[in-house]
Amino acid sequence: MKRAIFPGSFDPITLGHYDIIKRGIPLFDEIIVAIGENSKKTYMFSVEQRKRFIEEAFKDDVQVRVMTYKGLTVDFCKDVDADFILRGLRNPADFEFEKAIAHTNRDLAPIETVFLLTSASTSYISSSIVREVIQNNGDYTKLVPASVRI
Ligand code: ADP
């Protein structure tokens, strides 16, 4: 079975993440959206809220599951028997960052990272911009799936 994980913070999930996951569905038998829990980070949304937003966005997609994890992404891959990591690329900064992580992960485990280029319509969206809009009472609804409501 071709199983991929799509790791991230998803604080909250955006239309950029949604696009990458949707486009990943035909490439894999199963995608596990993996919410990383980093005790050093502070989040706007609790892990339960972040999980619920994603589960609701993909309630009609049986190939998509949502899990949380702590520790190394490659260890989580081993735990769930996933051979692939799915990531999105928006810009050169993402590329440089992702390249170092993908090379490190390859040193740690025989896991292939598969990159999908962002769609033109969602390339500018990031969770940090969404949080900024929310904090300043802007209309965030155009940037996130309908399941993300405060
Ligand atoms: P992290 O906490 O690791 O920064 P994110 O939740 O920001 O995780 O993102 C998870 C993945 O989604 C990353 O591969 C990131 O590049 C990708 N991603 C985020 N926003 C977009 C977007 N607008 N288009 C394509 N990929 C995106």
Side-chain angles (χ1 to χ4, degrees), residues 2-28 30-58 61 63-77 79-80 82-109 111-135 138-150:
K2 274 199 185 132
R3 182 178 290 120
I5 72 157
F6 183 53
S9 308
F10 307 106
D11 187 31
I13 184 171
T14 69
L15 288 181
H17 298 129
Y18 183 84
D19 169 68
I20 297 290
I21 298 164
K22 276 281 184 188
R23 288 164 53 210
I25 289 174
L27 306 178
F28 301 103
E30 183 173 74
I31 297 178
I32 297 176
V33 183
I35 306 174
E37 293 190 75
N38 183 341
S39 53
K40 291 197 191 91
K41 271 197 187 177
T42 50
Y43 299 101
M44 173 174 265
F45 295 99
S46 70
V47 70
E48 292 78 20
Q49 282 174 308
R50 285 180 277 149
K51 190 165 185 270
R52 189 156 20 89
F53 292 155
I54 305 169
E55 277 171 348
E56 209 180 310
F58 292 96
D61 295 293
Q63 309 98 309
V64 178
R65 278 204 288 153
V66 189
M67 295 178 75
T68 60
Y69 76 104
K70 289 192 176 107
L72 290 178
T73 304
V74 289
D75 289 339
F76 181 68
C77 287
D79 290 347
V80 297
D83 293 322
F84 303 94
I85 295 174
L86 176 64
R87 295 291 281 179
L89 292 176
R90 283 165 289 191
N91 50 45
D94 269 358
F95 174 76
E96 290 300 333
F97 180 74
E98 295 291 342
K99 178 170 165 269
I101 295 178
H103 282 154
T104 307
N105 284 340
R106 284 278 292 200
D107 284 343
L108 298 175
I111 286 169
E112 203 63 76
T113 303
V114 176
F115 297 102
L116 289 183
L117 188 64
T118 181
S119 290
S121 59
T122 52
S123 65
Y124 64 96
I125 302 176
S126 68
S127 292
S128 58
I129 287 181
V130 171
R131 292 196 298 274
E132 190 84 24
V133 173
I134 292 171
Q135 270 156 356
D139 181 9
Y140 62 93
T141 58
K142 293 184 183 72
L143 305 171
V144 296
S147 58
V148 179
R149 290 297 173 262
I150 312 164

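For ligands, and for the atoms within them, numbers begin at 1 and follow the listed sequence. Heads up: numbering here begins at 1 and tracks the sequence.
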What are the atom names and distances for all N or O pairs under 3.5 Å between ligand 1 and the protein?
unit_1   : atom_1 : unit_2 : atom_2 : d
ligand 1 : 2 (O)  : Ser9   : N      : 3.4
ligand 1 : 2 (O)  : Ser9   : OG     : 2.5
ligand 1 : 6 (O)  : Ser9   : N      : 3.2
ligand 1 : 6 (O)  : Phe10  : N      : 3.3
ligand 1 : 6 (O)  : His17  : NE2    : 3.1
ligand 1 : 9 (O)  : His17  : NE2    : 3.3
ligand 1 : 14 (O) : Arg87  : NE     : 3.1
ligand 1 : 14 (O) : Gly88  : N      : 3.0
ligand 1 : 14 (O) : Gly88  : O      : 3.4
ligand 1 : 16 (O) : Gly88  : O      : 2.6
ligand 1 : 20 (N) : Arg90  : NH1    : 3.2
ligand 1 : 23 (N) : Thr122 : O      : 2.8
ligand 1 : 23 (N) : Ile125 : O      : 2.9
ligand 1 : 24 (N) : Thr118 : OG1    : 3.0

> Given the rule in the side chain to side chain contact (heavy atoms under 4.5 Å, CB included) test, do Met44 and Gln135 qualify, once you have shown the distances and angles that lead to the verdict?
Replying inline: CA-CA 10 Å; Met44 173 174 265; Gln135 270 156 356; 3.5 Å; yes
> Ser128 and Ser126: side-chain hydrogen bond (donor to acceptor under 3.5 Å, both in side chains), yes or no, with the steps?
Replying inline: CA-CA 5 Å; Ser128 58; Ser126 68; 3.2 Å; yes
Side-chain donor/acceptor pairs under 3.5 Å, residues 138-148, sequence neighbours excluded:
unit_1 : atom_1 : unit_2 : atom_2 : d
Asp139 : OD1    : Thr141 : N      : 3.0
Asp139 : OD1    : Thr141 : OG1    : 2.5
Asp139 : OD2    : Lys142 : NZ     : 2.9
Tyr140 : OH     : Ile150 : N      : 3.4
Ser147 : OG     : Phe53  : O      : 2.7

> To the nearest 0.5 Å, what is the distance between CD1 (Ile54) and CD1 (Ile21)?
Replying inline: 6.5 Å
>> Please enumerate all residues that pass side chain to side chain contact (heavy atoms under 4.5 Å, CB included) together with Asn38, with sequence neighbours excluded.
In response: Lys40, Lys41, Tyr43
> Sequence neighbours excluded, which residues qualify as ring-ring contact (aromatic ring centres under 6.0 Å, His included) partners of Phe10?
Replying inline: Phe6, His17
